[in-house]
Amino acid sequence: MRIVNVPLGTRSYEIKIGPELLSTLGAECGRLNLGSRCAIISDRNVAPRFAKAAQLSLKKAGFDSVLITVPVGETAKSLKVVEQCYDALAKHRLERKSFIVALGGGVVGDLAGFVAATYLRGVAFVQVPTTLLAQVDSSVGGKVGVNLKAGKNLVGSFHQPRFVLCDIDTLRTLPVRELRAGLAEVIKYGIIYDAALFDRLERDMAKLLKREPKVLTEVIARCCEIKAEVVGQDETESGVRAILNFGHTIGHAIENISGYGKYLHSEAISIGQVAAAGISAAMLRLSKDEANRLSDIFARAGLPTTISLNRHQRKKLLAAMRLDKKVSAGEVKFVLAKRIGEVVWGQKVPEALIQETLDSIEP
Ligand SMILES: NC(=O)c1ccc[n+]([C@@H]2O[C@H](COP(=O)([O-])OP(=O)(O)OC[C@H]3O[C@@H](n4cnc5c(N)ncnc54)[C@H](O)[C@@H]3O)[C@@H](O)[C@H]2O)c1
Ligand SMILES: [Zn+2]
């Protein structure tokens, strides 16, 4: 088992990572000085698999839990489902000292976290992430929120969990496509922050795809450490936190123009990271060799690294990049790599170079 501390002053908390942890949920909550009632929010895939074990563990530690099950997928991140959760919490008389357990992937974490941030002006919450993406990314950092028709994550808040429990045994039932998706963010941490992690991923990719517990535990712990360090320096996203968006400028735009369901977020940002490497090679002298290693590792993880766009789609892609909410004052800015393990943010990239790079990643 590994423990990562997220240093945020009085709101600091621990992330525990390892096998066989779900059964310790109750005991862990018991150390946090919380009320005796709680609600578990989970989705229809995850609840049948893990809610029973979670409830049993809570019960053994003296907690009375109610299970709230929400639909699977992005549609659950809506104000309508938020309202349904509020109603269920009120019906079960959860009060100020009660807490919420988010049991599921990033969707459940973002939704349950937002419910916790706002119900009774804020109650405590605990994250039990069950996807690789949620374990290395969405459960760390305190961003919570839901979608509007106008776009993803447009309503939200910062609300830090009191504790995060990553039981890697839950990853056994994760569909392989979702596992690969998590790997896109794992690889990102190597590129933006840690060349040694990147080297390790090159060595251990096969083991990760086989879900070997030891490698998973160590790699997830390192990713959480990196995200915690970055978030700790910049909790509300005004500076260095931007590096977490490596590959996301083009990635988000690909997601936007491709229509719902074609690419998972992480698949789009896998292509986006390969494109950002191409731009980095042209602008910052990232070496050809490193740019190749970067696209090879995504390919080995089974992620897409190329995209074919006709002229019309290209136009839409560039327009989508300009509309991205991370754009300020109409300027598209990129996170670019100087070398594997070190990036810089706020880089202006000429449109001609973006076009050239898109040519170079045609299949
Ligand atoms: N808050 C943040 O900082 C942050 C960061 C990154 C992403 N996100 C958000 O996270 C969401 C994506 O998260 P995700 O990729 O985890 O998606 P998800 O929550 O939709 O989970 C993916 C799929 O796997 C299923 N699943 C989850 N755990 C499982 C398990 N152990 N076994 C079998 N099936 C399981 C889910 O039911 C779902 O069908 C997006 O909404 C995104 O906006 C938030
Ligand atoms: Zn992402």
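Hydrogens, waters and symmetry mates are skipped; everything else that's a heavy atom, side chains included, is used. We count ligands from 1, going down the list as the structure has it; atoms in each ligand are counted the same way.
- At a 4.0 Å cut-off, not a single heavy atom of Gly113 sits close enough to ligand 1 to count as contact.
- Tested against Glu351 for a salt bridge (Lys or Arg N to Asp or Glu O under 4.0 Å), the candidates Lys315, Arg314, Arg322 yield a single pass: Arg322.
- If you chain together hydrophobic residues whose side chains sit under 4.5 Å apart, Leu264 and Val108 never meet in one group.
- The distance cut-off of 2.8 Å around the Zn ion (ligand 2) captures these protein N, O or S atoms, sorted by chain and number: Glu185 OE2, His248 NE2, His265 NE2.
- Looking at Glu14 and Arg31, a side-chain N of the basic residue comes within less than 4.0 Å of a carboxylate O on the acidic one, giving a salt bridge.
- Surrounding CD of Glu20 are at most 12 heavy atoms belonging to other residues, nucleotides or ligands under 6.0 Å away.
- Proximity of Pro175 to ligand 1, defined as any heavy-atom pair under 4.0 Å, is confined to the side chain (atoms from C-beta onward).
- The Asn153 neighbourhood of ligand 1 comprises atoms 43 (O), with distances under 4.0 Å to a heavy atom of that residue.
- Residues Ile100 and Phe50 do not share a hydrophobic cluster, defined by chaining ILVMFWY side chains whose heavy atoms lie under 4.5 Å apart.
- With Val128 as the partner, the side chain to side chain contact (heavy atoms under 4.5 Å, CB included) test is satisfied by one option alone out of Leu21, Ile40, Val101, Val46: Val101.
- For ligand 1, the atoms sitting less than 4.0 Å from at least one non-hydrogen atom of Val72 are 37 (O), 39 (O), numbered in the order shown with element in parentheses.
- The shortest N/O to N/O separation between Leu133 and ligand 1 does not fall below 3.5 Å.
- Taking hydrophobic clusters as Ile, Leu, Val, Met, Phe, Trp and Tyr residues chained together by side-chain heavy-atom distances below 4.5 Å, Ile361 does not share a cluster with Ile269.
- Across Val136 and Tyr189, no two heavy atoms sit closer than the pair O-OH, 2.6 Å.
- For Arg222 and Glu218, the salt-bridge test fails: no basic side-chain N is under 4.0 Å from an acidic carboxylate O.
- At least one heavy atom of Lys227 sits less than 4.0 Å from an atom of ligand 1.
- Linking Ile, Leu, Val, Met, Phe, Trp and Tyr whenever their side-chain heavy atoms come within less than 4.5 Å puts Phe114 and Phe125 in one cluster.
- Protein heavy atom at the shortest distance from atom 41 (O) of ligand 1 is Glu74 OE2, 2.5 Å.
- Of all the atoms in ligand 1, the ones that sit under 4.0 Å from a non-hydrogen atom of Asp43 are 36 (C), 37 (O).
- A parallel orientation is assigned to the rings of Tyr86 and Tyr119, their planes being inclined by less than 30° (bins at 30° and 60°).
- Of the heavy atoms in Lys77, only side-chain atoms (C-beta onward) come closer than 4.0 Å to ligand 1.
- At the top of the distance list for atom 32 (N) of ligand 1, counting protein heavy atoms only, stands Thr173 OG1, 2.7 Å.
- For atom 19 (O) of ligand 1, the nearest non-hydrogen atom from the set Asp137, Thr75, Val107 belongs to Val107.
- In the vicinity of Thr170, heavy-atom distances shorter than 4.0 Å reach the ligand 1 atoms 30 (C), 31 (N).
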